[in-house]
Amino acid sequence: MKEKLRSLVARAVDQLGRDGTLPADTQVEIQVERARDKGHGDYAVNTAMVLAKQAGMKPRELAERLVAALPDDPGVAGITIAGPGFINFEITQEAAYAAVRDALAEGAAYGRSKLGAGQRINLEFVSANPTGPLHVGHGRGAAFGGALASLLAAAGYDVHREYYVNDAGRQMDILATSVWLRYLEHQGESLRLPDNAYRGDYVRGIARKLAGEKGDTLLQPAEVVMAELPLDGSEGGDKEEYIDTLVTRCKTLLGPEAFAGVFQLALDTVLEDIRDDLAAFGVTYDEWFSERSLTDTGAVERALERLDEAGHLYEADGAVWFRSSAFGDEKDRVVRRDNGATTYFASDIAYHLDKLERGYGHCIDVWGADHHGYVPRVHAALRALDRDPEQLDIRLVQFAILYRGSERMPMSTRSGQFVTLRELREDVGADAARFFYVMRKPEQHLDFDLELAKSESSDNPVYYIQYAHARICSVLVQMREKGLSHDPDNGDRHLTRLTESHETELVSAIGRYPELIELAARAREPHQLAHYLRELASHVHTYYNAHQFLVEDPDLRDARLNLVLAARQVIRNGLGLLGVSAPEAM
RNA sequence: GCCCCGGUAGCUCAGUAGGAUAGAGCAACCGCCUCCUAAGCGGUAGGUCGCAGGUUCGAAUCCUGCCCGGGGCACCA
């Protein structure tokens, strides 16, 4: 309907261009909006106000000319000019009921759009280091990314969900070392855990697994392992230097092969945990992309060569630097350290180049807000490689802070006292967790109230929406118990019986769903869907309280059932995109 | 110091590429279950949209400056 109105107005503008009211080559983006106020009809167009200046006449006057030039359309019931020069359209009941018809006919496909036209999008999200279980901060990225992926897919994009696995580098070495130290403990050695070691319980778990597989073959006396180390941070030394020394010693004592074994066991265990965790959260991936593979295949070296050939690399202080400041970054960045190893940033350049070369014209990265300083350098790298930085859309997601009542929950992976995503799921349930995470726009800090998420009350928006769905299901159960049946075709023939204000509003809300999918997808804002669903549920509850659906009159009854079943379909579809279930009963 | 995000009702937040009288939920107060699940509904009350300028037919929305809160500024990942 929105599109139809747009084309009607476009034709009117052309017409005025031909008769000289407007400049002949007038170009304007015609904005058709849902009227916020019922008194303003169903749709509003502001074109007259936008073009008033060019036309050299008052907005209302131009609006009148436009209206006069509008072609007739059977879906339009009335046109009025209001306010400063809005053209308000009222659509016919028949056109409005089409939403109910479509929702029932299209079912799960209702709301799907061709907006994306099959364009391939690579959506990378979570990508947490596999150094431990996901915590609640990652949960927001998972819920947001998962919902955005579904939303974009519903809007007609070909979405590829990807997790970038940081399976190389220092942090993973530290994890492997931490596992080995716990293993030594498990074998009866007593030693002091470094400040910077990973100390969560899961490390002990991996250590036990290691002991189970390797027995005491990896055992070394604690005195040897801990001999002549520098001072640790808490001892007045440098904790980074301390842990690095220990990592090096670990590699030496174990030998490259055994160390690689410990490393791999730690990686596989943690990654499997993450994968299971996300799957239970309703988030799945098309690809788990290994950072290490970029080094193994030489992709990192190739990327650096390309930068070098283009003259964007230079040496200083024994390291190789990328001249990112020439491409909008605040300073240059190291891509190869003085010890010869490439940096994480170098891998990231290769990774993003790889994504583009795999044929994704558009890439979306979902990052934690703490990585925002990293954005300019990645864009700089793409620019330096003659790629359009617009192709990489980086969405930053702010922190989620957990509260239990008024108590703020602490979080720190290193100390091991974080609240894991798994714990959160088990506490409040996956449905509530996913909804709460996407309810707020991503730029907004999220106060996640555990008590509220768990409460089975009207305070809780998840249950409110799910309840609307369950109530409709329950009506059908009641219907059968009363020995009645529903004839959808008959209902369809009598949709015009739905004239109550509660009914027309619900019809209108259902009709808005496809528009909302496009809007939310375009803006990459799943929270719009969450808010819409709350509104839709509100219409359902209001209607439910105001009117009986299972009335005597079979025509009216069938029509009402068509309406609420259409609403149920939209709730189901919408919740599905957010990864929230739509229970039949509660 | 520089960069990013936020500042809208007592609280938590929406506000759809600047649009008509700024909206929800919670909390507060008043009502509604012999009737399809009260995990619900109706009503009342609640606002200098952080502050000051600017842009224009029109600004919570765009621009500039300032104030407050959160985060980030590694040869870590």
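Letters A, B, ... are given to chains in the order of the sequence lines, protein chains preceding strands, and every chain is numbered from 1. If you're wondering where the values come from, they're calculated on a predicted model, not measured in any experiment.
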Margin query: For B:A14 and A:Q528 - does any side-chain N or O of the residue sit under 4.0 Å from the phosphate oxygens OP1/OP2?
Written below: no
Notebook entry, point to check: Which part of the nucleic acid does A:E481 contact within heavy-atom distance under 4.0 Å: base, sugar-phosphate only, or nothing?
Noted result: nothing
Next item on the list: Could you state the atom-to-atom distance from CG of A:D244 to P of B:A77 in whole Å?
Entry: 10 Å
Check: Got a salt bridge between A:E584 and A:R572, using NZ or NE/NH1/NH2 to carboxylate O under 4.0 Å?
Finding: yes
Check: Looking for any heavy atom pair under 4.0 Å, which part of the strands does A:Y544 touch: base, sugar-phosphate only, or nothing?
Finding: base
Next item on the list: Rounded off to whole Å, could you give me the CD-to-P distance for the A:E240 and B:A74 pair?
Entry: 13 Å
Item checked: Residue from A:D365, A:D348, A:D393 passing salt bridge (charged side-chain N to carboxylate O under 4.0 Å, His left out) with A:K355 -> A:D365
Next item on the list: Please determine, by modelled atom types, if A:Q171 and A:Y344 share a side-chain donor-acceptor pair under 3.5 angstrom.
Entry: no
Margin query: Between B:G40 and B:C35, how many Å separate the two C1' atoms, rounded to a whole number?
Written below: 14 Å
Checklist line | Base-pairing string, 5' to 3', of RNA chain B - Watson-Crick or wobble, under 3.5 Å, | interstrand | finding: (((((((..((((.....[...)))).(((((.......))))).....(((((..]....))))))))))))....
Checklist line | Under-3.5 Å donor-acceptor pair between A:N46 side chain and B:G19 base | finding: yes
Notebook entry, point to check: Which part of the nucleic acid, if any, lies within contact of A:D348, taking any heavy atom under 4.0 Å across all strands shown: a base, the sugar-phosphate backbone alone, or nothing?
Noted result: nothing
Next item on the list: Output yes when at least one side-chain N/O atom of A:S538 is less than 4.0 Å from OP1 or OP2 of B:A24, else no.
Entry: no
Item checked: Check: B:C41 base within 3.5 Å donor-acceptor of A:H541 side chain -> no
Checklist line | P spacing across the pair B:A60 / B:U16, given as an integer number of angstrom | finding: 12 Å
Notebook entry, point to check: What nucleotide among B:C3, B:U37, B:C75 has an atom nearest to a side-chain atom of A:Q478?
Noted result: B:U37
Margin query: In this structure, how many angstroms lie between the C1' atom of B:C76 and the OH atom of A:Y374, rounded?
Written below: 10 Å
Check: So, A:E515 and A:R512, do they make that salt bridge, N to O below 4.0 Å?
Finding: no
Next item on the list: Taking atom P in both B:C41 and B:G46, compute the distance separating them and give it to the nearest angstrom.
Entry: 23 Å
Note to self: Tell me whether A:R383 forms a cation-pi arrangement with A:F327, defined as NZ or CZ under 6.0 Å from the six-membered ring centre and within 45 degrees of its axis.
What the structure shows: no
Checklist line | Near-parallel close stack of A:H40 and B:A20 base (under 5.5 Å, under 30°) | finding: yes
Notebook entry, point to check: How close or far is atom P of B:A39 from atom NE2 of A:H469, stated in whole angstroms?
Noted result: 18 Å
Next item on the list: Have a look at B:C33 and give me syn or anti from its glycosidic angle (syn if within 90° of zero).
Entry: syn
Notebook entry, point to check: Quick one: is A:R512 getting a side-chain N or O under 4.0 Å of the B:U16 phosphate, OP1 or OP2?
Noted result: no
Next item on the list: Please state how far atom CG in A:D329 lies from atom P in B:C4, giving the value in whole angstrom units.
Entry: 13 Å
Margin query: Let's see if you can work this out: which of B:C36, B:G19, B:C76 has an atom nearest to the side-chain heavy atoms of A:K482?
Written below: B:C36
Note to self: When the C1' atoms of B:C29 and B:C36 are compared, how many Å lie between them, rounded to an integer?
What the structure shows: 31 Å
Check: So what does A:E443 touch, heavy atoms closer than 4.0 Å: a base, only the sugar-phosphate, or nothing?
Finding: sugar-phosphate
Notebook entry, point to check: Between A:Q398 (CD) and B:G71 (P), how many Å, whole number?
Noted result: 10 Å
Checklist line | A:F144/A:Y437 aromatic ring centres below 6.0 Å | finding: no
Check: Quick one: is B:C41 close enough that its OP1 or OP2 comes under 4.0 Å of any side-chain N or O from A:Y464?
Finding: yes
Next item on the list: Could you work out the separation of B:U61 and B:A9 based on their P atoms and round it to a whole Å?
Entry: 15 Å
Note to self: It should be established whether A:H527 places a side-chain nitrogen or oxygen under 4.0 Å from OP1 or OP2 of nucleotide B:G15.
What the structure shows: yes
Notebook entry, point to check: For A:E503 and A:Y543, does a side-chain donor sit closer than 3.5 Å to a side-chain acceptor?
Noted result: yes
Margin query: Can you identify which nucleotide, out of B:A20, B:U37, B:A77, has its nearest atom closest to the A:R471 side chain?
Written below: B:U37
Item checked: B:C5 to B:U64 separation - P atoms, rounded to the nearest Å -> 12 Å
Checklist line | Rounded interatomic separation in angstrom, taking CG from A:N545 and P from B:G42 | finding: 7 Å
Next item on the list: Report yes or no: is the cationic atom of A:R377 (NZ for Lys, CZ for Arg) under 6.0 Å from the centre of the six-membered ring of A:F322, at an angle within 45° of the ring normal?
Entry: no
Next item on the list: In whole angstrom, give me the gap between the P atoms of B:C49 and B:U37.
Entry: 46 Å
Note to self: Whether A:R336 and A:E301 form a salt bridge (side-chain N of Lys/Arg under 4.0 Å from carboxylate O of Asp/Glu) is what I want to check.
What the structure shows: yes
Next item on the list: With the side chain of A:S474 defined as its heavy atoms from C-beta on, choose the nearest nucleotide among B:A20, B:C36, B:G40.
Entry: B:C36
Notebook entry, point to check: Which of the following nucleotides, B:A77, B:G72, B:A39, is nearest to the side chain of A:Q171?
Noted result: B:A77
Identify each atom pair where a protein N or O and an N or O of nucleotides 9-13 of chain B are less than 3.5 Å apart, giving names and distance.
{"residue": "B:U12", "atom": "O2'", "partner": "A:R440", "partner atom": "NH1", "Å": "3.0"}
{"residue": "B:C13", "atom": "OP1", "partner": "A:H445", "partner atom": "O", "Å": "3.4"}
{"residue": "B:C13", "atom": "O3'", "partner": "A:R440", "partner atom": "NE", "Å": "3.4"}
{"residue": "B:C13", "atom": "O2'", "partner": "A:R440", "partner atom": "NE", "Å": "3.3"}
{"residue": "B:C13", "atom": "O2'", "partner": "A:R440", "partner atom": "NH2", "Å": "3.3"}

Notebook entry, point to check: Between A:L533 (CG) and B:G25 (P), how many Å, whole number?
Noted result: 16 Å
Check: With rounding to whole Å, what would you report as the distance between B:U21 and B:G15 at their C1' atoms?
Finding: 15 Å
